[in-house]
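Only one structure is covered here, and it is reproduced in the block below.
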Amino acid sequence: MKYDHQSIEIKWQRTWEESGAFHCDHHSDKPKYYVLEMFPYPSGNIHMGHVRNYSIGDVVARFKRMQGFNVLHPMGWDAFGLPAENAAIKHGTHPAKWTFSNIDNMRTQLRRLGYSYDWRRELATCTPEYYRWEQQFFLRFFEKGLVYRKQAPQNWCPKCHTVLANEQVIEGLCWRCDSAVEQKNLTQWFLRITDYAEELLADLDKLEAGWPERVVSMQRNWIGKSIGAEIVFPLEGTDGSANNGSITVFTTRQDTVFGATFMSLAPEHPLVEQLIDGKPEAPAVRAFVERIRNMDRIVRQSDDLEKEGVFTGAYCVNPFTGRRMPIWVANFVLAEYGTGAVMAVPAHDQRDFEFARKYDLPMQVVIQPEGDALDTAAMQAAWTEAGLLVNSGEFDGLPNEAAKQKIADSLETSGKGRRTVNYRLRDWNISRQRYWGAPIPVVYCDACGVVAEKDENLPVLLPLEVRTHEDGRSPLPDTPEFAECACPKCGGKARRETDTMDTFVESSWYFARYTSASKDDGAFDPAALKYWMPVDQYIGGVEHAILHLLYSRFFVKALRDCGYMDLDEPFANLLTQGMVLKEGAKMSKSKGNVVDPTEMIARYGADTVRLFCLFAAPPERDFDWSDSGIEGSYRFIGRIWRLAEELSGVLMPVKACSATAADAATPQGKDLRNKEHATVRKAGADISDRFQFNTAIAAVMELVNALYLAKDELSGDEGGRKVLSSSVATVLTLLSPITPHIAEELWASIGNAGRITDEPWPQWSEEALARDEETIVVQINGKLRGRVSVPAGADAKAIEAAALSEPNVARHLEDVTVRKVVVIPGKLVNVVVG
RNA sequence: GCCGGGGUGGCGGAACUGGUAUACGCGCUGGUCUUAGAAGCCAGUGGUUCACACCGUGCGGGUUCAAUCCCCGCCCCCGGCACCA
């Protein structure tokens, strides 16, 4: 019979569906295992990246089920977001309609791949049943001060017509559309992720065991912790007295404070205007500040921008040396980092060094490398390495690391400053000036000000009847039925917040909602949440290393502190899969190198597509789609099909690894059974320990090759047939998580009663792996010269004797002196000659 | 500059704890089957060489009986962070 993948696959998909084969709940005696793949944005069609991601997840889910775990494996839709609005504008449809029709289409495509989801838990984040809980979280955050309003310059994407969080700006460009991001001053809602900076950083240590190192390191970089001190520099008054306010700086190098010879302020520093007031320098400073502020953000932040500054005419005083320090405004000082002011230590900081050379500012060496003497006149660059303190009063002679502590102590006892920690991480701006998102449950009342909605008024429904704007502007402010409302506090006339939430908010908690997706009187069922969380294995693209994965970690901690869950981290283990490329490049419509999964499934079937995605490369690595490669996978499936067909009169309905030593009486039978058990061992280890599906599949291919070579010899007698049947059963069982449809079909055609999906993972046995003879490699001076076969477990002496008498070895040993013989039983002999 | 990952046949990739380098697949070559082809099945396939043998895991050293693997010094590629004080 011909291998008709289409009808076979649809048949089994229907069978699994109708019997609820992959339904699960939290009332179970089995150990739980929660495997999750990052849910897709419903763009309309699945692409190969999804297929790879979800195929990896499905193997893990099915494998763990076979190993006896109670597996939660859900799927849903990250359904709010810009493309829906853009498509709606373009095609004159409604974002909701567009989204739900895409979801229907993609759900069909995923079902056609045979993934073992519990579809009862499916969720779409754009439904009120989902986002109402998000609005509830917002209210709890509001009560706790975890969400607040702030006016500040924000990242504005002119094309998307909305602001972006810092994490969503990649090298100055919008993460979504690559437009250059502009700065815009707006009042926005922020989540206090910085309150959790330390915990987010510290808990990365716990994740090191289960997360890829590079993701952990990317998050560490992003959080960007710097340990240092704040130091207060008093301003010098017009009369020279130090009583006219002060400038606070942040530094990690308080050990160099005696070398601070001038002060650098960011152009945006709030003190600038006060310092120059009435001074002759004022016009020049104002012109400089204006020029810098108007610079393009990307140009301004580029590393080869020349250091420039202007003197303010004002001075402050070094609190340790009493030195009078001119205050400059400098283009390289960032207003948004630290305090926006830098104590300049030109002798020990490269930027300050260049700045001082350019403007002829004084330098003072305060750290001397051991056995050397720095001379400011001769220095070509700042000395930024370790050394001993000089010109630093009571701290002279201390190694600079020790001096950091001593000076920090001194700051604190003298009140000149304090130890402090600075983070690069900024609070998360969650306001978006777009329509297709979750409404922020807040109103603005003339009488009461900013008022949070009441719990009982949730959900604040996103109105579906709106008139969209051609330019992408949100229609919500122009929708009176939505924007005009009653104040929850005084009942008076009020205006609703018309910004919606960043869609990364929805994806920050969906994994927890799956544990009780249909619950309608609360966000989570506590028992289900406690049972299933955390996610044991999370799988997705590395492009979310910071964005989604950092937000989700923060959200879990915030929800924990609001009493929703008792959990510190959402994802115990993370697998970041590589991209699917074509001709070395990312697939894209503009390049015309897109491989359509639907087409591939139509031609080869879901099993072949799944198999190839897993076989082509280990999951972490990028892989290049190859047309001849998928042909190879299709050929392998055909090879199994033909094997079963050819042996149809021979094979018996038996379980994997069921042939006994007595069945395998002949040398061929013994070898095959041995190979069978070795394959089970290797495939199991490759999948469970390392997610190396490619080598697991390679091992099964070897077993199939061995079956082809042994089948004619073995089909002659009862024992041989039993060995063949057992090995075929093993092939099908091991492949069932990878190519489940053909595995089910052949399993049934051999006459087995149940489904292979419900089979346990086979057990290999030591006895079957044991060999009578083993091959020992013989080397002379580390070079391979021959092999000998010895009885299994032979002792070193016997192995050595056999090795030395091997003809080729013996030939090489003529006329040389044997100095030493290294024998590794079971492996090799190395004869050292000289 | 700092942090992380990587460099193995014509190609994708194996090699577990230092012990047969190149498993498995692709491609290629030959055989078989066929009137012929396709498909299938079988065999071969790192380089030099008739062979013996020699060379071979980015480069140069080192440790070891033995190094793709460990150590030292470099080169190149990919990703992240970066005038961050």
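Using a 4.0 Å heavy-atom distance criterion, A:Asn830 is classed as a base contact.
Of the candidate nucleotides B:G80, B:C24, B:C84, B:C24 has the atom lying nearest to any side-chain atom of A:Ala698.
B:C42 atom C1' lies 13 Å from atom CD of A:Glu646, rounded to whole Å. A:Ile697 places its CD1 atom 13 Å from the P atom of B:C26, with the value rounded to the nearest Å.
In this view, A:Tyr423 and A:Glu198 satisfy the side-chain hydrogen bond (donor to acceptor under 3.5 Å, both in side chains) rule, not counting sequence neighbours.
By the 30° and 60° cut-offs, the orientation of the rings of A:Tyr3 relative to A:Tyr634 is tilted.
At a cut-off of 3.5 angstrom, counting only N and O atoms as typed in the model, there is a donor on one side and an acceptor on the other between the side-chain of A:Lys307 and the base of B:C83. Side-chain N/O atoms of A:Asn221 and base N/O atoms of B:C81 include no donor-acceptor pair closer than 3.5 Å.
For B:A85, the OP1/OP2 oxygens have a side-chain nitrogen or oxygen of A:Ser226 closer than 4.0 Å.
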remark   = With sugar-phosphate taken as primed atoms, P, OP1 and OP2 and all else as base, the protein-contact string of nucleotides 7-12 of chain B at under 4.0 Å (heavy atoms; B, S, -) is -----S
ask   = Which letter, B, S or -, goes with each nucleotide of nucleotides 48-55 of chain B from 5' to 3', with contact meaning a protein heavy atom under 4.0 Å?
value = ----SSSS
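When Watson-Crick and G-U wobble pairs are counted only if both distances are under 3.5 Å, B:G60 pairs with B:C72.
Each of A:Phe693, A:Trp625, A:Tyr604 was scored for a ring pair (Phe, Tyr, Trp, His ring centres under 6.0 Å) with A:Phe612, with one residue passing: A:Trp625.
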